[in-house]
Number of protein chains: 2
Amino acid sequence: MARTAGSDGQKTEAAIREAAVNLIARHGYEAVTMRQLAAEVGVQAAALYRYFPTKEDLLYDLMTGHMEALIDSWNTVRPPHGDCPARLEAFVANHIRFHVERRHSTHVNNMELRSLSRDRLSAILKLRNRYEKELRTILREGAEDGSFLIEDSAMTAMAIIQMITGVIVWFRPDERLSVDEVTETYLAMTMRLVGAVRHSEKTHVFERA
Amino acid sequence: MARTAGSDGQKTEAAIREAAVNLIARHGYEAVTMRQLAAEVGVQAAALYRYFPTKEDLLYDLMTGHMEALIDSWNTVRPPHGDCPARLEAFVANHIRFHVERRHSTHVNNMELRSLSRDRLSAILKLRNRYEKELRTILREGAEDGSFLIEDSAMTAMAIIQMITGVIVWFRPDERLSVDEVTETYLAMTMRLVGAVRHSEKTHVFERA
DNA sequence: GAAATAATTGAACGTTCGTTTTATTCCTTC
DNA sequence: GAAGGAATAAAACGAACGTTCAATTATTTC
């Protein structure tokens, strides 16, 4: 047997990517075998090597694709400079939406870094740093102009990113909670966390007992 | 050859646990082989099976040990009821200290859940839920007595846990930052996040522009 | 409709995996 | 100092791993 009727390289490659993200997110990169992946795509294992020279090439392809899509998505919604609270809200809202929509891809990027070679690992970390730098800048400028009250912008950036990325660990849409509702609550928590008062909220004054 | 001079079952078992935590945290459960682990311990692979019937038994042993130690550590520092802000501070401080001290063990527990069988997975999740319930209770009671201002105690609990567990991702002691300094900043962020005013801080009033 | 190219199969390669078996040596007890 | 259990080594098991290769069929090109 050989080429099958209706076979199309572009469709096969896309199917490999999709099946790989789902399988790796569920079972982990090391636990997923090329034969298992091929079966999910509906193809023999040897066919995978037409599109990805090695298993690690496939993983790296998935990860770079994810990071570039994340950076692109922020670039399309990023507000102009000034108004740090508005920029922070835009960052958080976009981050949550992006990651909820790509839960499996996010899990792969967060869990499988250690399966990359040194060079590829540092390439991914470079992209990640470029993205996180955006948040650090917002926090630093907001602290300088008095919009925020924070102790350390780098530490705060890590805290916020871990908090808002963690949504994908417990949140499943289609339940009693929508993405918008979750985003709204996380926005409120983030704004309090950085010592800002939200535009749409009443000012609360706490008195010492 | 056979039994080596000075060999001791208890020491070997402890050495296996320690080597396994380090190797699995670094390379992942699936990527670590029994031969690699045995070499790290300084023993042949077959010797491991005297202490752990299967590779998964070893993983499960490490995970339950970690969770039980975590619950124990909270039980020893847990303050009496009432005074929700003090209880929350104690929870956060203990959580950060525990996890920083056991970075590798924490990584194993967070990353390798998918390598457990169904029954063992749910046993670990049960322990985890018991621990997280402590935080949810503090938040709920604090919201009821007016100490905190939060939207949803379950969601807030997840946000806080992910934020404070995330410390181990970026923090390395022995640098310019001590555990106590990091804990102090995270305590401040947590208290603002739940809408509380810390005892030791001045009350800040934000004015609308 | 023949030639060129694209897509895939089926079988095989050597290696490594988790685990088992058997035999051997060390250590403790009396 | 003999006996018996504890701790390990050495070798082997079948299965599964990532990957390669030659052969074969589908599609496109002219």
Side-chain angles (χ1 to χ4, degrees), chain A residues 1-24 26-63 108 112 114-117 120, chain B residues 1-24 26-63 108 112 114-118 120-121:
Chain A
M1 321 241 169
R3 177 166 191 172
T4 54
S7 61
D8 177 335
Q10 294 202 345
K11 287 181 184 173
T12 302
E13 184 171 342
I16 293 172
R17 281 203 180 82
E18 189 188 334
V21 166
N22 291 335
L23 285 176
I24 296 174
R26 216 181 332 262
H27 307 295
Y29 170 77
E30 294 276 356
V32 173
T33 72
M34 297 301 267
R35 287 172 178 81
Q36 183 185 1
L37 172 58
E40 187 82 9
V41 176
V43 105
Q44 291 296 315
L48 304 176
Y49 289 84
R50 180 175 179 79
Y51 305 95
F52 302 97
T54 71
K55 194 184 176 188
E56 196 205 320
D57 282 306
L58 171 55
L59 177 64
Y60 181 66
D61 179 276
L62 297 177
M63 288 187 162
V108 173
E112 310 299 348
R114 58 189 167 199
S115 295
L116 293 176
S117 68
R120 287 176 163 174
Chain B
M1 324 238 166
R3 178 168 189 170
T4 54
S7 61
D8 176 334
Q10 292 203 347
K11 288 182 184 172
T12 304
E13 184 170 342
I16 292 172
R17 280 205 182 81
E18 189 188 334
V21 166
N22 291 335
L23 285 177
I24 295 175
R26 217 183 331 265
H27 304 110
Y29 170 77
E30 294 278 355
V32 173
T33 72
M34 296 301 267
R35 286 170 179 82
Q36 184 185 359
L37 172 58
E40 188 83 8
V41 177
V43 104
Q44 289 296 316
L48 304 176
Y49 288 84
R50 181 172 183 76
Y51 305 95
F52 302 97
T54 71
K55 192 184 178 189
E56 197 205 319
D57 282 307
L58 170 56
L59 176 64
Y60 181 66
D61 179 277
L62 297 177
M63 288 188 162
V108 173
E112 310 298 349
R114 58 189 168 200
S115 294
L116 293 176
S117 67
R118 275 178 49 106
R120 288 175 162 175
L121 171 62

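Each chain gets a letter, A, B and so on, in the order its sequence line appears, and its residues count up from 1.
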Counting side-chain heavy atoms from CB outward, which of dA10(D), dG10(C), dA7(D) is closest to Gln44(B)?
dA10(D)

Using the closest heavy atom to pick a nucleotide of DNA chain D for each, name whichever of Thr4(A) or Gly42(B) lands nearer the 5' end.
Gly42(B)

Calculate the interatomic distance between Leu37(B) atom CG and dC17(C) atom P; express it in whole Å.
12 Å

Arg120(B) and Asp57(B) ion-paired at < 4.0 Å:
yes

Arg50(B) has an atom CZ; how far is it from atom C1' of dT19(C), in whole Å?
16 Å

Figure out the CD/P separation between Glu56(B) and dG18(C), and round it to whole Å.
13 Å

Given dA11(D), dT9(C), dA12(C), the nucleotide with the shortest approach to the side chain of Ala46(A)
dT9(C)

In this structure, how many angstroms lie between the P atom of dT20(D) and the CG atom of Leu48(A), rounded?
13 Å

Using the side-chain heavy atoms of Lys55(B), tell me which of these nucleotides is nearest: dA7(C), dG18(D), dT19(C).
dT19(C)

From CZ of Phe52(A) over to P of dA7(C), roughly how many Å is that when rounded to an integer?
13 Å

Please determine, for the side chain of Tyr49(A), which listed nucleotide (dT9(C), dT8(D), dT19(D)) has the closest atom?
dT19(D)

Give the rounded distance in Å between these two atoms: CG of Asp57(A) and P of dG18(D).
14 Å

Assess the residue pair Glu40(A) and Arg26(A) against the criterion (salt bridge (Lys or Arg N to Asp or Glu O under 4.0 Å)); give the C-alpha distance rounded to whole Å, side-chain angles, the decisive distance to 0.1 Å, and a yes or no.
CA-CA 13 Å; Glu40(A) 187 82 9; Arg26(A) 216 181 332 262; 5.5 Å; no

Of the candidate nucleotides dA12(D), dT8(D), dG18(D), which contains the atom at the shortest distance from the side chain of Thr12(B)?
dT8(D)

Round to a whole Å and report the spacing from CD of Glu30(B) to P of dA16(D).
14 Å

Treating Lys55(B) as the side-chain partner and Thr33(B) as the backbone partner, does any N or O pair qualify as donor plus acceptor under 3.5 Å?
no

Among the nucleotides dA9(D), dT8(C), dT19(C), which one has an atom lying closest to any side-chain atom of Thr54(B)?
dT19(C)

From the candidates dT20(C), dA11(C), dG18(D), the one with an atom nearest any side-chain atom of Met34(A) is dG18(D)

When the distance from OH of Tyr29(A) to P of dC17(D) is rounded to whole Å, what number comes out?
14 Å

Heavy atoms under 4.0 Å, any strand shown: does Val41(A) hit a base, just sugar-phosphate, or nothing?
nothing

Answer whether the closest heavy-atom distance between the side chains of Met34(A) and Phe52(A) falls below 4.5 Å.
no

Could you tell me which non-hydrogen atom of Val41(B) sits nearest to which non-hydrogen atom of Ala19(B), and how far apart they are?
CG2-CB, 3.8 Å

Heavy atoms from C-beta onward define the side chain here; which of dA7(D), dG18(C), dT19(D) lies closest to that of Tyr51(B)?
dA7(D)

Among dC17(C), dA6(C), dG18(D), the one nearest Thr33(B) by side-chain distance
dC17(C)

